[in-house]
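Working notes, structure below.
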Amino acid sequence: MLRISEIKLPLDHPAEALPAAIVARLGIAPTDLLSWEVARRANDARRKSAILMVYSVDVTLADEAAVLARFAGDNHVRPTPDTGYRFVATAPAGAPRPVVIGAGPCGLFAGLILAQMGFRPIILERGKVVRERTKDTWGLWRRGVLDPESNVQFGEGGAGTFSDGKLYSQIKDPRFLGRKVLTEFVKAGAPEEILTEAHPHIGTFRLVSMVEAMRATIEELGGEYRFGQRVVDFDIRDGRLRGLHLHNGDYLETDHVVLAVGHSSRDTFHALHDRGVHIEAKPFSIGVRIEHPQSWIDRARFGQCAGHPDLGAAAYALSHHCANGRSVYSFCMCPGGRVVAATSEEGRVVTNGMSQYSRKEFNANSGLVVGIDPERDYPGHPLAGIALQRHWEERAFVAGGSSYAAPGQLVGDFLARRPSTALGAVTPSYKPGVHPTDLSLCLPDFAIDALREALPVFGRQIARYDDPDAIMTGVETRTSSPIRITRGKDFQSLNVAGLFPAGEGAGYAGGILSAAVDGIRVAEAVALSLAG
């Protein structure tokens with residue numbers, strides 16, 4: 001087959017227009033097009049008055065060699081890449097069982113790949129099964145009751161379960177491991193369109209059932225889940241991992257561990273540091289969540305085509321480099337979603353964004369965050385970024401009324417440097433509630449200055465983005481892990497053999513897809529090590 005890319009058609013084109021466009025693009029007779037299927041679909045909304053649909057298609061032709069020869073050097077006409085996944089090893093008889101710590105996207109795919117290769121992994125998860133975890137999470141949102149071991153951050157499915165479910169990434173993926181991830185998601189119940197949409201997403205409710213289905217697959221292949229199992233210490237002797245100490249006093253002997261704990265397992269990071277595991281501080285970002293009516297964003301992005309079923313709820317991506325040397329950018333934008341309480345520690349407030357598959361809730365929300373780095377903002381200790389996060393999360397808890405309500409401020413008040421005393425026309429979605437106040441109480445001065453500079457700039461790019469009644473809630477501190485558990489080319493810790501740092505918590509991913517891909521790569525490294 002050949003892959004033909006950058007085929008552009010009007011938004012409301014008829015179905016027969018696509019094969020006709022393929023024939024015209026290749027300059028062939030209609031009878032020479034034997035079959036075709038969509039490989040990727042996107043939209044180009046740069047001209048709101050003439051929005052286009054952009055396709056990549058895989059085609060079977062009567063004479064593919066002749067067409068390739070005519071289009072030699074044209075990157076938009078080339079052989080269809082082989083995106084099939086091939087296992088790197090098969091478990092030998094009597095192979096030790098590897099352990100995966102964490103059942104988020106990274107741990108889930110590490111466990112799945114190991115199980116599919118016959119290694120029967122043991123998966124330790126400090127939280128609960130996904131449906132029980134969902135009930136506990138709603139307990140914080142509805143009643144202000146936090147379970148520190150079962151919340152947005154901890155439990156089966158990881159933090160990605162309570163998100164927009166975005167399944168796209170900017171990572172380099174020459175082996176098409178992302179395709180393996182999407183294919184397994186479809187097997188678990190995701191809509192097949194995620195295989196072709198340029199910006200696929202799933203949403204929380206669908207993710208819950210998919211996580212359950214993938215757990216069942218792992219168990220059918222000999223894998224084992226152990227919930228409510230928190231690792232509190234690591235047995236490291238002579239530069240090699242020997243076992244794990246659990247919170248209930250149990251000891252699990254193992255010398256191959258995938259560490260996929262997520263970016264909020266702060267107690268685990270401290271335990272690793274205490275044992276001398278090589279850890280580095282890394283950059284992350286802090287800021288707020290900003291909300292607008294989704295209809296404002298739709299009109300700003302799509303003009304008169306807003307609401308078209310082929311476009312869905314509009315998203316955006318914004319960035320600005322400020323005079324104080326800081327960069328402000330939108331993060332984890334959730335069309336038609338809500339802002340959620342995402343703390344995992346008592347006495348702290350953390351915000352995040354979430355959408356359902358339909359993306360039909362009233363508001364659009366996005367993180368609006370400022371980049372920070374260790375040398376400039378938290379020097380001197382590998383875990384200093386964690387202390388910085390906790391400081392501002394505690395300040396946010398107090399500013400919100402010490403009840404897990406989030407501190408909030410209208411954009412107009414924020415730009416005018418005055419506290420908000422009431423909400424405006426935009427109703428915030430965060431539960432258990434939003435307390436109007438002054439966000440400068442819970443963010444560093446350089447971040448406040450950068451946000452004040454960036455908002456009017458973004459308002460010129462997206463109409464009404466800096467509307468006085470738009471609402472900002474704080475704080476967004478868990479954009480990524482503040483540490484990196486450094487690993488070598490063999491995917492093992494630089495100074496502890498048998499420990500395989502993986503995913504977002506270890507500083508090697510950001511988002512569901514990249515974390516899942518990293519889980520596959522690390523699982524392969526474990527398999528190769530175990531198979532000799």
Side-chain angles (χ1 to χ4, degrees), residues 1-86 166-186 190-201 301-303 305 308-312 314-317 319 511 513-514 516-517 520-521:
M1 301 181 77
L2 300 184
R3 177 158 293 177
I4 319 302
S5 56
E6 289 295 301
I7 295 177
K8 298 183 178 182
L9 294 170
L11 178 60
D12 283 314
H13 65 81
E16 61 271 17
L18 185 52
I22 297 170
V23 167
R25 174 74 174 84
L26 298 179
I28 59 176
T31 54
D32 289 339
L33 178 61
L34 305 183
S35 68
W36 60 273
E37 59 184 34
V38 174
R40 184 177 182 271
R41 188 183 79 150
N43 67 69
D44 181 348
R46 287 174 293 181
R47 293 179 58 203
K48 301 183 190 65
S49 60
I51 295 176
L52 300 173
M53 301 304 295
V54 185
Y55 294 90
S56 293
V57 293
D58 290 329
V59 302
T60 303
L61 305 177
D63 191 346
E64 293 177 3
V67 170
L68 275 178
R70 282 196 291 112
F71 286 90
D74 187 339
N75 289 331
H76 298 309
V77 180
R78 53 192 172 90
T80 297
D82 180 3
T83 60
Y85 180 74
R86 294 165 182 82
K166 297 177 182 67
L167 298 177
Y168 47 93
S169 174
Q170 300 298 316
I171 61 171
K172 295 180 180 179
D173 188 17
R175 295 176 53 208
F176 301 100
L177 297 180
R179 184 72 175 187
K180 170 67 170 174
V181 174
L182 298 182
T183 300
E184 293 294 344
F185 277 155
V186 170
E192 288 196 15
E193 68 189 43
I194 68 171
L195 298 173
T196 56
E197 289 299 306
H199 294 95
H201 75 285
R301 295 281 288 115
F302 298 144
C305 294
H308 192 285
D310 284 344
L311 297 175
Y316 61 79
S319 64
L513 186 65
S514 63
V517 167
I520 294 174
R521 298 170 68 208

Distance, nearest 0.5 Å, that separates CG of Leu52 from CZ of Arg46: 8.5 Å

Separation of His76 NE2 from Leu2 CG (nearest 0.5 Å): 15.0 Å

Sidechain-backbone polar pair: Arg78 side chain, Phe71 backbone, donor-acceptor under 3.5 Å: no

Gap between atom CD1 of Ile22 and atom CD1 of Ile28 - 0.5 Å precision: 8.5 Å

Side chain to side chain, Arg40 and Thr196, heavy atoms closer than 4.5 Å: no

Listed partners of Arg3 passing salt bridge (charged side-chain N to carboxylate O under 4.0 Å, His left out), at least two apart: Asp58

Residues Ile7, Met53; criterion side chain to side chain contact (heavy atoms under 4.5 Å, CB included); working and verdict: CA-CA 8 Å; Ile7 295 177; Met53 301 304 295; over 6 Å; no

Reported OG1-to-OH distance for the pair Thr183 and Tyr85, which is rounded to 0.5 angstrom: 12.5 Å

Minimum heavy-atom distance Arg86-Gly84, with the two atoms named: NH1-O, 3.3 Å

In residues 61-68, what donor-acceptor pairs under 3.5 Å come from side-chain atoms, sequence neighbours left out?
unit_1 : atom_1 : unit_2 : atom_2 : d
Asp63  : OD1    : Ala66  : N      : 3.1
Glu64  : OE2    : Leu61  : N      : 3.3

Enumerate, atom names and distances included, each donor-acceptor pair closer than 3.5 Å involving a side-chain atom of residues 30-37, sequence neighbours excluded.
unit_1 : atom_1 : unit_2 : atom_2 : d
Ser35  : OG     : Thr60  : OG1    : 3.1

Inter-residue atom distance Arg301.CZ - Ile51.CD1, 0.5 Å rounding: 8.5 Å

Shortest non-hydrogen contact between Val181 and Ile520, atoms and distance: CG2-CD1, 3.8 Å

Salt bridge (charged side-chain N to carboxylate O under 4.0 Å, His left out) against Asp74, all qualifying residues, sequence neighbours excluded: Arg25

Validation row: Asp310, Arg41 side chains within 4.5 angstrom (heavy atoms): yes

Pairwise distance CG(Leu182) to NZ(Lys180) - rounded to 0.5 angstrom: 11.5 Å

Table please: side-chain donor-acceptor pairs of residues 167-177 below 3.5 Å, with sequence neighbours left out.
unit_1 : atom_1 : unit_2 : atom_2 : d
Ser169 : OG     : Ile171 : N      : 3.2
Asp173 : OD1    : Phe176 : N      : 3.3
Asp173 : OD1    : Leu177 : N      : 2.9
Asp173 : OD2    : Leu177 : N      : 3.1
Asp173 : OD2    : Gly178 : N      : 2.8
Arg175 : NH1    : Glu524 : OE1    : 2.8
Arg175 : NH2    : Glu524 : OE1    : 3.4
Arg175 : NH2    : Glu524 : OE2    : 2.8

Shortest non-hydrogen contact between Arg70 and Gly27, atoms and distance: NH2-O, 4.0 Å

Exceeds 12 heavy-atom contacts within 6.0 angstrom, atom CD of Glu193: yes

Glu6: partners by salt bridge (charged side-chain N to carboxylate O under 4.0 Å, His left out), with sequence neighbours left out: Lys8

